[in-house]
Amino acid sequence: MNAYLERVLAETKAKNANEPLFLQTVEEVLSSVEPLINAHPEYEAASLLERLVEPERVIEFRVVWMDDQLKYHVNRGYRVQFNAALGPYKGGLRFAPNVTLDTMKFLGFEQIFKDALTGLPIGGCKGGSDFDPRGKSDGEVMRFCQAFMTELIRHIGPDVDVPAGDVGVGGREIGYLYGQYRRIKGAAELGAMTGKDIKTGGSILRPEATGYGAVYYLEEVLKHDGLEIAGKKLAISGFGNVAWGIMKKAAELGAAVTYFAGPDGYIHDPEGVVTEEKLNFILEMRAKDPMRCEPYAERFGVEFVPGTKCWDAKDVDVLMPAATQNDVNMEWAKKIAASGVKYYIEVANMPTTNDALVFLKEQKHLLVAPSKAVNACGVSVSELEMAQNSARLYWDAEEVDAKMHKIMTNIYKSSADAAERYGLGYDLVAGANLAGFQKVADAMMCQGIF
Ligand code: 2IT
């Protein structure tokens, strides 16, 4: 490995030894940008890599809120403002009990390159809390969001940092967070948050954007191989917002999600989640707390397999992990390789462990596409929401959808081109890292050293 890269990687590991998720993504990104580092010896003199792996700012704060029994709770809030070379910090908020500073740093680092890949002027960032919205009343969620924003507001703004949703933060939470922002600020700065409900300044298609964009990306991948999406069968994990978008867009284009997994096991529906009735039932299941997919089997008379995942399905064309990080480890990767499936399209942020990713990429019959490219349509439509808010108008679905298409096609093309340019052949994983990295590096080099 390039000596500069090797040194920075070793220093990063030593400095952040207690942050395995962060180190996992740093290692994944840095190990694939070697050709670019070789081509730019000036990066070392500018300490570019050392600067890239160090967040510009890390904010950690106490969040105190009162439950319905008038009992107080203390949670931890975070915002990791990683890199704003390309534009205001942009990234979601995740509310989940397993959120730590490590989770925030891993997601923030990924977000830098994802946001760069969109070609839009946004920097990389992530935030959240170890608050668990599951099992909480509406009032409890509102009070938590208000307490969270009361501190976060010091650090954000339409030109500074623009949060959105992620796991555990949907339209309801964004509404409460933005409401508190407006109350404290005394100004309707709509562009201070995205993922807002369309009734309160949001963009049409934002809820569907991540899932739809993933399918648009898949279409490009298939087109490259002379194939059409119509008739393809997909296995996915998750049935939340993103997974639902995949199901809906796949059905619209004549494909079908025939397997999907939840925390309780997986569903096999040979006909696919393609009818309006089924898609609506998914929405109903999604609103339940806790989320379970077994009711789908009871309602539609299909197979439910408890306690496992569907990554060894043999009768599908495409696998799309769309739930959470490290969903697919080496054990599953071996089953995937043996199943004969041809496309492994990551959707959730970092759904594959590094060893499994390397192994899957080595399989000649398998095409692997990385989440930071595939799921980038969510943050892209967030940026379109910012643009609409700044211009004080709304675009219609046709206009937003056309932009979504263009952005996803560009992401696919720029990734494929970057890999080709650096002699890596058709490698969409390295290509996405190279293309995103180049944009951030160029901007950082333009702005001087700080
Ligand atoms: O992972 C992601 O890209 C998101 N959670 C969306 C971020 C955003 O600002 O819309």
Side-chain angles (χ1 to χ4, degrees), residues 21 25 78-84 86-96 99 103-129 152 156-171 173-174 177-178 190-198 201-214 217 238 240-243 245-246 321-325 327 346-351 370-389 400 403-404 407-408 411 432 436:
L21 293 170
T25 172
Y78 302 95
R79 192 70 178 161
V80 176
Q81 298 179 329
F82 228 115
N83 193 304
L86 287 169
Y89 300 111
K90 186 79 198 85
L93 297 171
R94 177 176 291 194
F95 292 169
V99 161
T103 326
M104 299 287 99
K105 284 180 70 176
F106 122 61
L107 289 164
F109 191 74
E110 288 269 305
Q111 199 79 33
I112 303 172
F113 306 101
K114 181 196 309 193
D115 291 4
L117 266 178
T118 68
L120 302 167
I122 41 178
C125 188
K126 201 81 185 191
S129 174
L152 186 68
I156 63 172
D159 292 317
V160 181
D161 179 347
V162 183
D166 193 83
V167 175
V169 180
E173 289 76 16
I174 295 289
L177 289 161
Y178 175 70
L190 288 175
M193 290 210 69
T194 64
K196 300 183 294 298
D197 193 295
I198 190 135
S203 172
I204 199 156
L205 289 178
R206 176 63 189 87
E208 294 88 348
T210 312
Y212 281 19
Y217 186 100
N241 177 44
V242 176
I246 296 172
T324 191
Q325 66 261 22
D327 193 2
E346 292 188 335
V347 186
N349 290 312
M350 203 169 75
S371 57
K372 64 171 77 67
V374 178
N375 76 25
C377 203
V379 74
S380 299
V381 177
S382 272
E383 200 276 349
L384 301 181
E385 183 174 335
M386 290 162 70
Q388 291 168 82
N389 293 156
V400 174
K403 291 187 195 320
M404 286 163 60
I407 292 166
M408 293 314 291
I411 290 175

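In each ligand, atom 1 is the first atom listed, and ligand 1 is the first ligand listed.
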### Residue portion contacting ligand 1 (non-hydrogen atoms closer than 4.0 Å) for K126
side chain
### Task
Answer with side chain, backbone, both or neither: which part of N349 has a heavy atom less than 4.0 angstrom from an atom of ligand 1?
side chain
Considering heavy atoms of the protein only, find what lies nearest to [atom] and give residue, atom and distance to 0.1 Å.
| atom | value |
| --- | --- |
| atom 6 (C) of ligand 1 | R206 NH2, 3.6 Å |
| atom 5 (N) of ligand 1 | D166 OD1, 2.8 Å |
| atom 7 (C) of ligand 1 | G92 N, 3.5 Å |
| atom 10 (O) of ligand 1 | S382 OG, 2.5 Å |

Looking at ligand 1, is there an atom of it that comes within less than 4.0 Å of some heavy atom belonging to [X]?
| X | answer |
| --- | --- |
| E383 | no |
| R94 | no |
| E110 | no |
| G91 | yes |

Residue [X] vicinity, atoms of ligand 1 by number, heavy atom under 4.0 Å:
| X | result |
| --- | --- |
| G165 | 4 (C), 5 (N), 6 (C) |
| K90 | 8 (C), 9 (O) |
| K114 | 1 (O), 2 (C), 3 (O) |
| A164 | 8 (C), 9 (O), 10 (O) |

### Query
Side chains of L93 and R79: does their closest heavy-atom pair fall under 4.5 Å?
yes
Heavy-atom closest pair, residues [X] and [Y]:
| X | Y | result |
| --- | --- | --- |
| G201 | N389 | O-ND2, 3.0 Å |
| A84 | Y89 | CB-CE2, 3.4 Å |
| A164 | I174 | C-CD1, 3.5 Å |
| S129 | V99 | O-CB, 3.4 Å |
| E385 | K196 | OE2-NZ, 2.8 Å |
| P370 | Y217 | CD-OH, 4.0 Å |

#### Entry: Nitrogen or oxygen of Q111 less than 3.5 angstrom from that of ligand 1
yes
### Task
For K90 and V162, indicate whether the former's side chain and the latter's backbone hold a donor-acceptor pair under 3.5 Å.
yes
### Message
We want to know whether E110 and N349 form a side-chain donor-acceptor pair, criterion being a heavy-atom distance below 3.5 angstrom.
### Response
no
### Query
Going by distance alone, is a donor N or O of one side chain under 3.5 Å from an acceptor N or O of the other, for K403 and S380?
no
